[in-house]
Each structure stands twice: as C-alpha cells, then as structure tokens.
Amino acid sequence: MTTVQVSHGAQPDQVRHIRTEIPGPRSRALAQRREAALPAGLVSGAQVYVQAAGGGVVVDADGNSFIDFGSGIAVTTVGNAAPRVVERVTEQVRAYTHTCFLATPYEPYIAVAEELNALTPGEHEKRTALFNTGSEAIENAVKYARAFTGRPAVVTFDHAFHGRTLLTMSMTAKNRPYRRAFGPFAPEVYRAPLPYPYRWPSGPANAADEAFAHLELLVDSQVGAEAVACLIIEPIQGEGGFIVPPAGFLRRVADFCRERGIVFVADEVQTGIGRTGAWFASEHEDLVPDLVVTAKGLAGGMPLGAVTGRAEIMDAAPTGGIGGTYSGNPAACAAAIAVFDTIRQDGLLERARVIGARMMDELSDIARGHAAVGEVRGRGAMVAVELVHPGTNSPDPAAVSGLVRYCEKHGLLTLTAGTYGNVLRFLPPLTISDDLLAEGLGILRAGFAEGAYPSP
Ligand SMILES: *Cc1c(COP(=O)(O)O)cnc(C)c1O
C-alpha cells in the first residue's frame, strides 16, 4: 500500500517577489486560451493565474509571489491549502468521495452541524442543514422561513448582496453587474434602506432612526407584516462595501421582527467563521438571529454552505423538501471540521482582531494624508477604504481600479467592492505573517503616495 505524502512544507515561501512583468508570459498565454474558451463576460479581478498559494501568499504561473489581501473573497480564512484542511480532505476522499447524504448518510455532515449548532449565537435548540454555496444556503433559508410562517414576502436592504441565483439575484441590490439583462426577477422581494452612515443624506447621526422608520413603513403599511416570511441582512455588508450599520440597529430590527413573527436571518456568508474576530459578526451586536447562513470561510476553499437556526423553524420544512445531490459533500465537511480545529488551535479569532487593528491603524494614517480616502471602516480582518473625489463624497471608482492595478504590479492582491465600485476591501488570510501584512500595507501607502489613481 502506498501512502500519499501530505507535506506541511508544501506551503510556498512566505515572501513577495516579482520576477516578470505583470502579467508574465505564462499568464498571458493562459489569458489567450481563456479568451477562446470562456464567455467574454466572465472576468477576473487579477491578470495573473495561480499556481500555488498558502500562508499569506499566492504564487502565479510565472513564479511571481504576491501578498494575499483577498483570501479568494473571504474564503481561505485559515490560509490557502491549509495543512489540516489538506490532511482531512485527503483522508476523506481516500475513504469515500460521495454517497449523497440523502441516499446513504455519513458522520462528517453531522459533525459540522453539531459545531455550527454550538457556535452560532443563542442557547436555544438548533438544527443545521448543509448546501454547496452561499446562494444556495440563502435560497434555502427563505424556503425554511416560508414553510415555517406560511408567508411569501422577503425583506432585504439597499446595498445587499445575497448571491447570483434567480432568487438571490432578486434579493441583491446592485444592478450592474448582478441584475442587468437577467430579469424578470423573483416576486415578493422588498427592499428597505440600509443605514449607511457615510452616505446618509441627513448625516450619520440620523441614519439608524430614519432607516428604521422606513422599515416600519415598508413592513407595516406597505407589505403588511402578516405577509412577511423573513428579513435578511448582512451584519456587515460585504459586496456592498463593508458597511457597518450604527450600533444597536441590528438588535432593533431583530426585535421588530420578533414582535411580528418575521424570521430574522443573518447572512454571515462573508462575515462568519472568524473573519471579524468573533465566530460570527452578530456577536459584536449581541444579536441572536433566528437563522444564520454561512458559506465562504466555512470550509477553507471547499464548496460548503449552511443554514443554522431555531429547531422549530428548521423542522417546519416538509419531509424530503430540502437537500441536493452534492449538498454537504463529505470532502467539504471534512474541510470544515479542519477549519473549526484550526481556528481554535491556532487562536485565529484573536489573530483576526490583531490583523484588523493593524490594518485600521495604518489605513487611518494613510487617510489622514490623502483626501481621496472618504472613510476607513470594517471590523476585525475585514477592512475597507472608500475613495472619493477630494473635498466631496462623490465616488471615485477609477481611483480604486488604478490602485488595484498598482498593487498587482507591485505584488499585492486586493479586491474591490461597493455599490459605486469605489471601495477597496482587504480580507487577508488570518495566517498572514506580521511582516507580509506590513509589507502589503506599505505597497498600498506607496500607491497612494505615487498617485496611482487618476486625479479628479
Ligand atoms: C458571497 C456571498 C453570497 C453568495 O455566496 P456564493 O457562494 O457566491 O453563492 C451571499 N451572501 C454574502 C454576504 C456573500 O458575501
């Protein structure tokens, strides 16, 4: 019998080095093949193609090594190809790759459910169902809420992102690129204003009260509370630009829902599983959602989504009505178990807070010297800067794309966000070293200093 060597030393060297022009010849060749094989609208943020990744770096096909400030969009929170994830998944796929949980069940699915039931906020009796993606989990949270309440409507918020499937695209706020050309949309989706302090018309101090008054108007007078199955909100909006609602707003909305028998759903797909320095961003607001949806960081890069919530809600769905061929795939479950172990054993919640504090300090300092930075915000290892034309709050998406390109050329991978495309967001893996974190922030500072963004 042969044993597959799972080498912890397989992680790439934790250094930044740029050896070729960016993109290099191999990435350019791949771009050419791609152009002939993939639809034109299927685009990527970076121009380089990955060959290996781990710790705090991504190595491209030409051997250039980049500092990773994106974690594959908040997925590889425990690091890319994280040693425990690789080991557990390898062990799992050698035993069996798939039986379909609906056909022949297996233990790892139950273990993931037990973990999520214990870790999500609240001491009430909980149940968990597993899916493949964030969108699929959100769709199923709506199905559970509808089955439990017997009501049709779903309330979402401005700037929300809940996915790209038909229902979740209908729940997502932003037209370009998510909705345009893809209608008609799913019915019974309503949108309330999100208190976005930086852009609230009458000023940040009024945001929570005025947004809440609009929500009351929408639910009580327009839709009718007795028609609302659930309200879904991201505790900190992800694609919307890391918008943190004013303290207390989420609790107020949750109480409002409870009084009306509306299921309160926290979309923690981007914020959950340690990203903000707690297992769930809801914890920062002492929020106990009826349902919590997770995905992204849950399984270290393997596709897995989950709905965790009150037993009486989850038990209300008809027998056999929920599930899927691959939902809760054993390899993805094995990866999730390794993620839970890694966060606990390596103290990654604390690490997220440390990384967040360093990013916040450094970015606030950059902001003091550059009027193009309208706001620095976020929580834990989830921090963003919103760029505007100096002296105004008029969005400057060109500044963001200029900086993203500058950073890529200098060995730092970053991501954009925001309804206006003018937010640069940072989601480093929690395994990034202090040195690489500082070096990455240094590249960003240099990008600002060199004016690597067009002037107004
Ligand atoms: C990414 C994301 C989703 C959708 O998840 P997919 O796995 O891409 O389907 C839903 N909600 C939030 C908050 C997300 O960030």
Side-chain angles (χ1 to χ4, degrees), residues 42-45 70-77 120 129-143 145 154-174 177-179 182 186 189 191 194 196 230-245 250 264-276 279-282 284 287 289 291-309 324 326-329 332 335-336 339 378-384 415-419 423 425-427:
L42 195 60
V43 295
S44 305
S71 300
I73 317 191
V75 169
T76 53
T77 307
T120 46
L130 299 179
F131 304 96
N132 297 292
T133 66
S135 305
E136 193 191 354
I138 296 284
E139 293 244 353
N140 280 282
V142 173
K143 284 168 73 171
V154 178
V155 173
T156 62
F157 286 83
D158 286 338
H159 311 289
F161 182 88
H162 297 296
R164 295 170 180 268
T165 58
L166 178 54
L167 176 57
T168 60
M169 166 183 74
S170 304
M171 294 162 63
T172 290
K174 191 176 175 179
Y178 305 123
R179 297 163 59 97
F182 301 135
V189 174
R191 198 171 304 287
L194 188 277
Y196 184 168
C230 61
L231 175 148
I232 303 196
I233 190 164
E234 300 155 80
I236 299 170
Q237 287 187 326
E239 308 303 300
F242 291 10
I243 305 167
V244 186
L250 294 169
F264 180 91
V265 185
D267 179 347
E268 292 242 21
V269 169
Q270 192 152 158
T271 51
I273 320 294
R275 176 50 60 186
T276 66
W279 283 102
F280 299 94
S282 295
H284 300 294
L287 189 65
L291 301 179
V292 176
V293 182
T294 48
K296 291 195 165 86
L298 177 58
M302 299 295 285
L304 191 67
V307 181
T308 301
Y326 297 108
S327 301
N329 169 272
V339 166
R379 197 159 228 160
M382 178 172 185
V383 180
L415 298 168
T416 64
T419 295
V423 176
R425 61 173 152 167
F426 310 110
L427 294 156

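The first residue of the sequence shown is numbered 1, and numbering continues consecutively from there. When reading the values below, keep in mind they use all heavy atoms of this one structure, side chains included, and skip hydrogens, waters and symmetry mates. No experiment lies behind these values; they were computed from the predicted model shown. Ligands are counted one by one from 1 in listed order, and the atoms in each one are counted from 1 as well.
- The distance criterion of under 3.5 Å between nitrogen or oxygen atoms is met by Gly134 with respect to ligand 1.
- In this structure, Glu268 does not pair ionically with Arg275, as no charged nitrogen and carboxylate oxygen lie closer than 4.0 Å.
- Rounding to the nearest 0.5 angstrom, the gap separating the CG atom in Leu130 from the OG1 atom in Thr308 is 8.0 Å.
- Contact annotation: Gly238 has no heavy atom less than 4.0 Å from any atom of ligand 1.
- Numbered from 1 in the order shown, with element, the atoms of ligand 1 that lie under 4.0 Å from a heavy atom of Gln270 read 15 (O).
- Atom numbering of ligand 1 starts at 1 in the shown order; those under 4.0 Å from a heavy atom of Asp267 are 10 (C), 11 (N), 12 (C), 13 (C).
- Between the side chains of His284 and Thr276, at least one donor-acceptor pair of N or O atoms lies under 3.5 Å.
- Side-chain contact, Glu139 with Thr165: a donor N or O sits under 3.5 Å from an acceptor N or O.
- A donor-acceptor distance shorter than 3.5 angstrom exists from the side chain of Arg179 to the backbone of Thr172, with no hydrogens or angles considered.
- Ligand 1 has a nitrogen or oxygen under 3.5 angstrom from a nitrogen or oxygen of Lys296.
- Taken from OG1 in Thr77 to CE in Met382, the straight-line distance is 10.5 Å, to the nearest 0.5 Å.
- Residue contacts with ligand 1: Glu239 is placed with no nitrogen or oxygen under 3.5 Å of a nitrogen or oxygen of the ligand (distance criterion only).
- Geometrically, ligand 1 and Phe161 share a nitrogen or oxygen pair separated by less than 3.5 Å.
- Atoms of ligand 1 lying under 4.0 Å from at least one heavy atom of Glu234, given by number and element, are 13 (C).
- For ligand 1, the atoms closer than 4.0 angstrom to any heavy atom of Thr133 are 7 (O), 9 (O).
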CA sep, side-chain torsions, deciding dist, call: Gln237, Gln270, side-chain hydrogen bond (donor to acceptor under 3.5 Å, both in side chains): CA-CA 8 Å; Gln237 287 187 326; Gln270 192 152 158; over 6 Å; no
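- Using a 4.0 Å cut-off between heavy atoms, Ser135 contacts ligand 1 through both its backbone and its side chain.
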